[in-house]
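Any value given below was found using the heavy atoms of this structure, including those in side chains, with hydrogens, waters and symmetry copies removed. Protein chains get the first letters and strands the later ones, always in sequence-line order, with residue 1 at the start of each.
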Amino acid sequence: MFDEDQLPLLEVRGLSKQFGGVQVLKGVDLQVRSGEVHCVMGQNGAGKSTLIKTLSGVYEPDGGVILWEGQEVSLPHPTEALGLGIATMYQELDVVDGLTVTENIFLGHENASGGILRVREANALTRELLKRLGHSRLSPSAEVGSLSAANKQIVSLARALSRDTKLIIMDEPSAILDSGEVANLFRVIRELTAQGIAVVYISHRLEEIRQIGDRISVLKDGKSTASGLQVAETSRSELVRLMTGRDVENVFPPRHPPSPDAPVVLDVEDLELQGEFRKVSFHIKAGEILGFAGLVGSKRSEILETICGVRKPTSGRISVNGKRLRPGSVPAAVKAGIGLSPEERKSQGLILDEPVFKNVTLSTFERFARGGYLNEKAERDAARDQITALELRPADPDRPTRTLSGGNQQKILLARWVVHGTPVLLLDEPTRGVDVGARAEIYTLIRRLAADGAAIIVVSSEIEEVLGLADKVLVIDDGNVLVETNPSDIDEHGVLDLIMKGSAA
Amino acid sequence: AVGALVTGCTPGDEGGDSQPTNASVEGNEAEGDTVVIGFSGPAADHGWLGAINSAALAAAEDLPDVELRVAEGTNDANLQISQVEQFINDGVDAIVLLPTDGAALTQVATQATEAGIPVINVDREFSSPSAARATVLGDNYGMGVSAGNYICEKLGGNNDAVVAEIAGVDSLPLTQDRSRGFADALESCGLDVDNRVAADFTIAGGEATTSQLLSAAPKIDAIWNHDDDQGIGVLAAIDNAGRDEFFMVGGAGSANAMREIQSGESVLEATVIYPSTQAADGIRLARLIAQDKAMSDLVEVEVPKRIVLNAPVVTQENVEQYLPTAFES
Amino acid sequence: MSEPNTTVADPTNTPPGGSGARNNPVKNALGGSAGRSLGLVLALGLLFAVGAITSGDRFLNVENLLTILRYASIIGVISIGVTFVITAGGIDLSVGSVMGLATVVASLTSIQLAATQSSWLLMVLVALAVGAGVGLLNGVVIAYGNVVAFIATLATLVGARGLAELISGRSTQIVTNRDFLKVMRGEFLGIPVLVWIFILAAAVGWFLLNRTTFGRRTVAIGGNREASRLAGIKVKRHLVALYVLSGFSAGIAAVMMLGRTTAGTSTHGLLYELDAIAAVVVGGTLLAGGRGTIMGTVLGVLIFATLTNIFTQNNLDTSVQAIVKGMIIVVAVLLQQRFASARPSKRGG
Amino acid sequence: MSEPNTTVADPTNTPPGGSGARNNPVKNALGGSAGRSLGLVLALGLLFAVGAITSGDRFLNVENLLTILRYASIIGVISIGVTFVITAGGIDLSVGSVMGLATVVASLTSIQLAATQSSWLLMVLVALAVGAGVGLLNGVVIAYGNVVAFIATLATLVGARGLAELISGRSTQIVTNRDFLKVMRGEFLGIPVLVWIFILAAAVGWFLLNRTTFGRRTVAIGGNREASRLAGIKVKRHLVALYVLSGFSAGIAAVMMLGRTTAGTSTHGLLYELDAIAAVVVGGTLLAGGRGTIMGTVLGVLIFATLTNIFTQNNLDTSVQAIVKGMIIVVAVLLQQRFASARPSKRGG
Ligand SMILES: Nc1ncnc2c1ncn2[C@@H]1O[C@H](COP(=O)(O)OP(=O)(O)OP(=O)(O)O)[C@@H](O)[C@H]1O
Ligand SMILES: Nc1ncnc2c1ncn2[C@@H]1O[C@H](COP(=O)(O)OP(=O)(O)OP(=O)(O)O)[C@@H](O)[C@H]1O
Ligand SMILES: [Mg+2]
Ligand SMILES: [Mg+2]
């Protein structure tokens with residue numbers, strides 16, 4: 001593993017950074033040693049991503065020092081960081097959609113002689129890398145834009161590995177991975193640390209930290225509240241307190257199962273989209289939460305997208321409150337009361353340069369208008385209510401959405417449909433990248449919405465989350481519904497077993 | 001460069017403030033009171049218009065009592081109107097206007113005239129005769145006729161002869177007039193236009209359309225090219241295709257074209273003059289009008305209302321006579 | 001695009017003012033737009049200073065200012081329409097051609113005859129209908145045919161000009177309807193009708209963009225088309241409406257042009273698309289979409305008009321004018337950016 | 001009558017991305033590009049059929065095909081440069097002006113004199129230097145000044161034209177250097193030198209875009225500028241290089257233009273920017289960046305050139321030409337999209 005007394009590979013002292021007058025980092029300390037997995041923890045908006053971006057040359061810090069192998073360095077451009085041997089997997093997927101897997105992996109350090117690409121060599125290296133990551137099924141010449149978010153993450157990881165690095169920073173790599181993929185990732189991380197490479201690992205999933213981490217540093221509101229704690233010696237509750245300043249007890253709030261005579265709100269019959277999924281049937285009652293469990297790429301998103309009209313099904317029917325829905329039309333679905341919180345919040349969900357409140361009211365602003373004239377005050381007030389209710393940080397409706405942390409951006413998407421009051425909510429990965437505190441809040445919120453009579457579908461790659469949240473679970477594999485079951489009748493292993501058997505069959 | 005004069009009817013000016021003095025005939029060159037003349041013309045986006053501009057500037061330079069105010073060359077009627085409005089606001093003594101579109105500038109010219117500022121209309125005619133104090137025109141229809149007559153003479157009797165025409169910008173009335181004159185003249189000797197293309201008054205356009213034309217028409221007897229500036233490109237294309245079974249007549253009369261004619265080795269045998277000195281003449285007229293002078297060689301005590309410049313044909317015989325005043329395109 | 005942190009400092013919709021300003025929508029928005037346009041106001045001020053210094057009273061008098069405004073008004077109305085399209089992430093290269101076509105159709109002998117027999121408004125209606133009609137075509141091809149806006153409207157640019165030539169037989173058609181000319185060339189409260197139309201268009205445009213659901217949809221689609229679609233906005237239909245709007249404003253401009261030049265011709269509006277886009281982008285509307293400002297557009301148009309006016313006043317050589325114009329475009333954008341990013345970030349109070 | 005498109009259509013016959021093809025990079029890439037360009041090849045074939053039917057042998061003969069190619073070559077070279085800029089998500093509106101300026105400077109009496117005393121290559125070097133120099137200016141203003149490319153190059157469009165007028169005194173400068181003319185107007189293996197330059201530029205451009213780190217990074221920057229920066233690419237420096245490249249190709253075009261027209265003038269290259277952009281985008285390069293195809297650009301240029309040729313052959317009225325051209329642009333893009341989306345998506349198995 002690592003040597004207690006060795007010189008730290010990377011040392012950060014008193015780092016500070018502000019954006020347009022907002023102090024985001026207010027004195028951060030960090031020490032990373034070769035061969036360790038150093039976890040950085042903190043709530044949404046604590047400054048983790050900002051910290052690692054100053055270490056990878058994206059932002060220049062305003063104050064503090066960065067020492068690399070004992071030498072003070074300045075990193076004005078990512079090139080310098082990469083040159084030192086710092087590779088980063090960013091929280092926002094940083095791949096180029098129009099390029100292939102190989103092209104993305106070797107972007108910026110292409111295999112070339114005299115500027116001329118050696119394509120075959122690069123493809124061979126890519127194949128090797130993907131094999132090492134357990135993804136030999138991915139083709140090096142596949143266009144990255146056609147891959148799922150999870151596979152893009154794999155590409156991102158492969159890219160980090162393709163460089164000659166001493167330190168790999170991973171900003172929430174597991175957020176879009178399912179449990180199988182996470183195990184795979186951990187295997188790779190262990191290989192890396194065995195070779196003496198250091199890993200800085202950021203995640204909101206505390207169990208992961210326990211599994212993979214060696215030491216932990218905690219940030220709260222841009223300040224270090226702990227630095228270099230031993231994982232083994234730090235309790236979960238202490239961690240939570242360091243991050244949030246309070247105690248978070250029960251993650252999953254108590255269930256309120258719908259009354260048996262509650263009306264069916266969403267009824268899906270034999271829904272089929274050729275080439276994607278087959279014969280999907282289920283119904284959800286008012287107040288019920290349905291969970292989709294499955295591996296990444298099992299077409300759960302496609303099912304949600306078809307229900308809300310983004311895609312047109314080849315056959316089958318969808319009814320809301322007994323009324324048949326016109327297929328393939330989002331406005332019709334929204335009008336009928338279906339709201340989708342999409343998987344990729346930045347590209348599909350949010351207008352990043354617009355203020356928070358306009359994103360909150362994106363599907364409801366018509367409501368605040370008379371004869372087309374928008375009453376922006378009423379609109380902002382309505383948005384503010386939800387912002388307060390969801391404890392968005394900062395609770396400023398006029399803040400450009402881009403400047404919010406990932407978890408807070410996720411809350412905006414929920415707020416949008418809460419304001420709308422849709423009876424059917426489709427939530428694709430609603431807690432991706434959300435911290436423990438906010439996660440509990442979102443769970444509570446989802447339950448509350450259900451209790452208020454909404455019919456909800458939750459898709460998550462964390463099987464535990466699906467099981468903990470849903471009243472009813474569909475296990476889905478490769479576009480097939482394997483089973484509809486009660487969450488109390490199955491556990492994580494059961495789901496995975498089912499999927500293994502399903503694939504074998 | 002004023003080849004010949006066609007005097008229109010005498011203006012029905014009420015006189016008012018513009019009392020014609022019995023200016024002495026010799027006094028025209030003599031320095032008078034300094035007059036401010038506003039000049040606005042189209043964008044110099046082809047050689048002839050460039051020459052028009054340069055000649056106007058040179059004319060003003062030559063006249064110490066003229067202060068010329070030049071507006072940005074433009075193809076936008078809206079902008080040109082605002083330039084004239086500015087001249088009116090400033091109270092210039094006369095305006096020389098080569099409109100992007102005659103009709104579109106008529107109202108503002110009328111406004112200027114009403115404000116007591118004489119307007120000299122150059123090349124593209126206003127839609128109302130009362131908008132201008134004087135009009136200087138090239139003879140576009142006459143150009144076509146001259147070119148057609150020359151070709152008729154050369155090809156006389158051969159009714160199967162293939163005649164091609166390379167026009168300028170088709171949307172300009174002057175191009176339409178030229179083509180009309182050309183067709184009319186050809187008709188009189190039993191010929192017609194077999195292939196017609198329109199370039200865009202640019203060298204590159206001339207080259208491009210001509211190379212297309214040459215490959216569309218395998219045998220040609222005569223070509224009339226409306227414009228010597230685009231003619232540089234036309235000749236380049238002909239040269240490139242290695243064709244010389246025909247002769248060509250040019251238009252406008254650039255120095256370059258005349259040198260080609262002079263050499264006697266080019267397919268270009270003749271060119272029909274379209275004076276590039278119109279604006280310069282306009283400025284000279286404007287000065288005379290503003291200073292209440294008359295034209296030296298006329299008995300008339302006022303500057304005529306309408307001057308149409310001749311469209312003579314330049315050939316190898318008479319090229320010496322025209323070369324010195326020709327414009328370098 | 002640039003450093004991520006500059007994007008953040010970029011203005012969005014709210015005033016630098018505290019929560020007090022927020023309750024007054026007019027003040028609020030004016031403050032915001034003006035703040036964003038500070039660089040432009042400065043550039044315009046600078047130009048005025050240059051004009052006053054170099055030409056003195058000849059520049060600084062009501063008549064000359066009205067001359068600038070009259071000139072600016074036509075391209076101004078077009079630019080306001082284009083602002084909407086660009087804000088939504090599209091582009092309309094056809095506006096100049098469409099304006100030309102509309103002047104031709106509205107001044108056809110038959111139309112003018114009918115107008116004389118009924119009302120001059122007929123000519124107006126025809127021009128507006130042509131503009132909106134071509135806009136509809138653009139919109140449908142772009143939204144439902146999925147043709148890139150640049151190419152679709154480039155095709156219309158070429159095609160509409162050809163159609164205008166064909167219809168007019170390439171000749172200029174004189175407007176003879178006296179009522180039409182009287183209204184369009186008239187004044188109201190000492191200000192030309194053309195300028196009133198511009199003012200009105202700017203006011204309506206501002207209101208539409210900043211105070212209505214139509215404007216909100218426009219900005220949203222420009223900011224993130226996919227997110228807007230998933231939120232239930234009818235993106236395609238709205239895009240069509242935007243191109244109709246842009247064509248419609250070209251139709252208004254055609255009416256103005258007919259009044260100003262008393263002639264309809266296919267050569268009207270040549271290269272207006274570039275002038276309009278330049279004014280819009282110099283004004284601060286993002287070419288990539290997602291942010292639009294009518295006030296900026298108006299300022300952009302005025303800057304170019306004033307520039308041209310000063311050039312004429314100062315008798316600069318046309319070639320030098322072109323060079324200076326090129327430099328000023330760049331400087332205006334640089335100034336505008338400086339001020340946009342230097343502005344205090346707008347935290348609510 | 002022989003199918004003229006068979007030669008062009010040949011590479012399409014390779015299946016796009018069969019497992020066999022994957023191991024042969026050249027064949028693979030050709031198959032990919034051609035597959036993507038199938039609609040264009042078809043459109044071109046259709047045009048050839050129309051030409052052959054309406055004009056018969058007058059259209060389908062070597063001389064006429066060379067006429068088309070010679071005509072296409074100049075705009076073709078410019079379009080190849082522009083393809084790079086657009087692929088990277090930029091735009092260059094100045095290419096036409098820059099070409100005009102370069103012809104003027106290279107044909108100045110003093111330069112021609114010096115060229116006569118030394119070598120005709122001097123004129124070539126001067127033209128290339130002017131092109132690259134203005135490109136550098138564009139690049140720096142865009143990359144380091146953060147001015148939107150549309151506006152920065154619009155400013156250059158205006159400014160360079162003015163400079164060209166100023167330098168030339170608005171007169172046309174005739175090229176007198178016989179060596180220069182002999183080379184540029186000559187032939188090689190029966191094919192005009194101009195066409196060879198076009199072929200060479202296309203080949204180099206293709207190689208550069210598809211087979212070098214430069215091309216790869218160009219695509220990456222167009223696809224996701226931020227991600228490219230994070231991957232360690234010096235985005236600004238690369239952007240400057242791209243605008244230099246685009247200016248440089250305008251310089252090459254200037255040399256060709258000088259040879260073809262034997263004259264340098266500020267009016268050369270008017271509106272070439274729109275023609276070039278139209279060809280590039282019709283060719284399938286994404287205007288938003290992230291995907292570029294040299295083969296598509298070449299096909300786009302050829303389509304427009306063939307179209308013009310057919311119009312002339314058939315003695316069509318220019319207004320009708322404009323309308324038909326507008327329609328064909330839209331149809332070509334629609335066709336191209338149809339085939340691009342029908343193409344099997346290349347997901348790895
Ligand atoms: N470019 C920026 N401009 C202004 N503020 C910013 C910018 N980037 C981040 N912030 C702010 O800085 C704070 C820290 O953000 P950061 O993304 O570093 O948080 P994080 O700890 O990574 O959160 P998460 O767990 O949600 O990813 C947040 O309040 C955010 O709003
Ligand atoms: N083996 C694979 N190789 C390449 N791409 C794959 C593979 N499996 C799935 N994909 C990609 O995954 C996408 C399907 O994933 P989809 O979004 O339907 O799954 P999901 O269950 O919704 O995933 P998530 O849990 O991430 O929401 C397809 O677009 C496909 O490109
Ligand atoms: Mg983060
Ligand atoms: Mg998915």
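Heavy atoms of C/L287 lying under 4.5 Å from chain D belong exclusively to its side chain.
Here CD1 of D/I86 is found 7.0 Å from CZ of C/F150. Values are rounded to the nearest 0.5 Å.
Annotation: maximal heavy-atom pairing with chain D below 4.5 Å, among C/L93, C/L274, C/I151, C/I277, occurs at C/I151.
At a heavy-atom cut-off of under 4.5 Å, chain C is reached by D/A155, D/V158, D/G159, D/G162, D/L163, D/E165 from residues 155-165 of chain D, listed in order of number.
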(request) Begin with the C-alpha distance, continue with both residues' side-chain angles, and end with the deciding distance and a verdict on side chain to side chain contact (heavy atoms under 4.5 Å, CB included) for D/L271 and C/L271. (result) CA-CA 10 Å; D/L271 293 186; C/L271 295 186; 4.1 Å; yes

